[in-house]
Structures are given as C-alpha cells and as structure tokens.
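Remarks on the structure that follows.
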Amino acid sequence: MTAPARRRRPNLAVLGLTPFALYVLLFLAVPTVLAVTTGFFDKKGGFTLDNVSALFTPQVLSTFLSSFWVSGVTAVVGAVVGALVCYALLGTRPEGALRQSINSASSVLAQFGGVMLAFAFIATIGVQGIITVTLKNLGVDLYADGVWLYQVPGLLLPYLYFQVPLMVITFLPALEGLKPQWAEANATLGGSRLTFWVRVAGPILAPSFFGSLLLLFANAFSSYATAAALISQGSQIVPLQIRSALISETVLGRSNLAGALALGMIVVMVVVMFGYSLLQSKTARWQR
C-alpha cells in the first residue's frame, strides 16, 4: 500500500471519542449556547441588550460580590488546609493503608454535596441540630447573633467540606512528583530543609498550588444545590439569582435575565479556567 493510501485511511481510533463528543454537545455545548443566547432576547423574541445591562445594576453586582466572597474564602482556606493534609501524607507510605484510605475518602467527599450535605449540616449544627442542642445545654449558643447557617456566611462550612478533599486529590500528585534527587542535591550544596522548600520545592509547587486554588474557586462559584437547600429565600449568590430569574420572568423588570446571568458566570469561569490551564501547563514540566 502506498504512502498516500495510508494517509487517506480513516483513523478508527477517533470513533472511540464519538460518545464523549455527543455527550459534550448535547449536555454541555447546546445548553450553554441556549442559556447565553436567551440573554440577548426579550420575551417576544426581539434582540435586546437590556438583560445584559442588568448585570451592572447594584442588586446583581452585589450578588456577584457575594459569590466571589464565598468562593474566594472557601478556596483559600480549602487550599491551605488541603495542602497541609497533603504535606502530612508525604510521611506515609504511598501504598500504605492510611494514604489509600485518605485518597479514597477525599475522592468521595469531594463529590458529596447538594441536598445530602445540606441535610447533614442542618441535622448537626442546625437550629435544632444535635451539636447545637448539646452545646446550648452546656451554655453555648451557636445562634446567639442570629441564624447564620441559612445565610451566605453559613455556606462557608458546607463548602469547605468538599473543598478540602478536592484540594487533596488535585495537589497531592504534585507533592508526590517532587524527586528525592532534588532534596539530595540541596543537602549536598549545604542547603537546609527550609532552603529546599523555599528555593526548590516552593517555586516548583507554586503553579500547581495556585492552579488548584483556581479550581476550588471555580468549584465553589458554580455550586448550586447545597446553597439552594440551605437558603430557601433570597438570591444572595449568582446561582440562586438565576433560580429566581427562572421562577419569575420579571425579576428586576427584565425577562430572560437568567441567560444574562449565565453569561456573566461563563465569563468568570472562562477566565478562571484559562488561568488554571496556564498554571497546569507550567506544572506539567516538572511532573514528566
């Protein structure tokens, strides 16, 4: 068979990607396009920019700021705590039961969200939760200053519940990728353990750490089910504002506002994930 004939042969391996491509098209691409394009049309189907201009109203800007605050706080705290857990795991055997158990638990807990997680916190530290009642009998009132669990600050603890495990499963491979030869070279040249972490390991791990931080931010920014289960009234964060816009077509006096809000979220997510991709590309050089 000649070389041109071989080049013309279809690559059958590409057919294996067809189910995944169809999934992305039907359940990600099409809904995203529909959600975004509706933001540029009014109730009668006419083109308008009123929905997009609503993104700059004080009420919507306040909602975005609340989402940024919750996402930023949980991302930073989750990244720091998760990194400390990863550092502690370096002292265990890679095939040991402890590390394998923590890896398995982190993989499960990183996906443990929604109504189940909300119910768990309501049953434990809710107004009538077991821990709340126990502490109240001991003279400690968790809600002396108000019922904070069902407001935006109350989202911090539930979000951290899945943010820390997510950090563990994303950052631990980077720590495991540190080569022993680098520490040996540092010691041979007279460097201390602090010198190794500050001048060698730190710069190498920085892109991976900040990439994981951005991933945690995106994860919290797009979370909906847990917040919807805890906050039944009001629209303090963007996903809940989209819910309100879908339920009431005249939110802020504009129809199809949900599409404009979705557009704003997509812009934020694209910027965050672009930064994550750049940092991951730098990290990949040290993991080969």
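Computed over heavy atoms, backbone and side chain alike; hydrogens, waters and symmetry mates excluded. Since this is a predicted model, take the numbers as computed values, not measurements.
Minimum interatomic distance between Y276 and L214 (heavy atoms only, all atoms of both residues): N-CD1, 3.6 Å. When all heavy atoms are compared, the tightest approach of W148 to L142 is NE1-O, 2.8 Å. Residues S223 and P239 approach most closely at O-CG, 3.4 Å, considering heavy atoms. Here the closest non-hydrogen pair linking A218 and V272 is CB-CG1, 4.0 Å. When all heavy atoms of L149 and I125 are compared, the pair lying nearest together is CD2-O, 3.9 Å. Minimum interatomic distance between Q236 and I231 (heavy atoms only, all atoms of both residues): OE1-CG2, 3.2 Å.
Cluster annotation: V147 is connected to Y159 through the hydrophobic network of ILVMFWY side chains, with a link wherever side-chain heavy atoms come within less than 4.5 Å. At a threshold of 4.5 Å between side-chain heavy atoms, the hydrophobic network of Ile, Leu, Val, Met, Phe, Trp and Tyr places W182 and V198 in two separate groups. By the criterion of side-chain heavy atoms lying less than 4.5 angstrom apart, applied directly or through intervening Ile, Leu, Val, Met, Phe, Trp or Tyr residues, L278 is not grouped with V271; the two fall into different hydrophobic clusters. Residues Y161 and L155 are members of one and the same hydrophobic cluster, defined by side-chain heavy-atom contacts under 4.5 angstrom among Ile, Leu, Val, Met, Phe, Trp and Tyr. If you chain together hydrophobic residues whose side chains sit under 4.5 Å apart, V108 and V164 never meet in one group.
A donor-acceptor pair under 3.5 Å is absent between the side-chain atoms of S71 and the main chain of F68, judged by distance alone. A distance-only check finds no donor-acceptor pair linking the side chain of S62 to the backbone of P58 [under 3.5 Å]. Not one N or O on the side chain of W69 forms a donor-acceptor pair closer than 3.5 Å with the backbone of P153. When atom types are taken as modelled, the side chain of S67 and the backbone of I237 share no donor-acceptor pair closer than 3.5 angstrom. Within the 3.5 Å criterion, the main-chain N or O of S53 finds no donor-acceptor partner in the side chain of T57. For S106 (side chain) and I102 (main-chain N/O), a donor-acceptor pair under 3.5 Å exists by modelled atom type.
Side chains of W197 and L178 form a contact here, defined as non-hydrogen atoms less than 4.5 Å apart. Side-chain atoms of F209 and M167, non-hydrogen and from C-beta on, do get closer than 4.5 Å to each other. Put simply, the side chain of L156 does not reach to within 4.5 Å of the side chain of V77, judged on heavy atoms. Side-chain contact between L175 and L205: present, with at least one pair of heavy atoms (C-beta onward) separated by less than 4.5 Å. Here the side chains of F121 and T226 are not in contact, with every heavy-atom distance at 4.5 Å or above. The closest side-chain heavy-atom distance from F162 to L109 is not below 4.5 Å.
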After noting the C-alpha distance and the side-chain angles of Q151 and L230, does the key distance pass the side chain to side chain contact (heavy atoms under 4.5 Å, CB included) rule? CA-CA 8 Å; Q151 301 175 9; L230 285 176; over 6 Å; no
Please test S66 against T63 for side chain to side chain donor-acceptor pair (under 3.5 Å), starting from the C-alpha separation and ending with a verdict. CA-CA 5 Å; S66 296; T63 304; over 6 Å; no
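For CG of D145, the number of neighbouring non-hydrogen atoms (other residues, nucleotides, ligands) closer than 6.0 Å is 12 at most. More than 12 heavy atoms of other residues, nucleotides or ligands sit less than 6.0 Å from atom CG of L90. When the shell of 6.0 Å around CD of Q181 is examined, it contains more than 12 heavy atoms from other residues, nucleotides or ligands. Counting heavy atoms of neighbouring residues, nucleotides and ligands inside a 6.0 Å radius, atom OH of Y143 exceeds 12 of them.
In this structure, CG in L55 is found 6.5 Å from CG in L263, a value given to the nearest 0.5 Å. Note that CZ of R199 is 11.5 Å distant from CG of L189, once rounded to the nearest 0.5 Å. With rounding to the nearest 0.5 Å, the separation of CG in L261 from CD1 in I242 is 5.5 Å. To the nearest 0.5 Å, atom CD of residue Q100 and atom OG1 of residue T92 are 9.0 Å apart. Between the CG atom in N219 and the CE atom in M269 there is a gap of 8.0 Å [rounded to 0.5 Å]. Rounded to the nearest 0.5 angstrom, T74 OG1 and L166 CG are separated by 10.5 Å.
Note on ring orientation: taking the six-membered ring where Trp is involved, the planes of F221 and F64 are tilted (angle from 30° to 60°).
Using modelled atom types, one finds no donor on one side chain facing an acceptor on the other under 3.5 Å when comparing S101 with S104.
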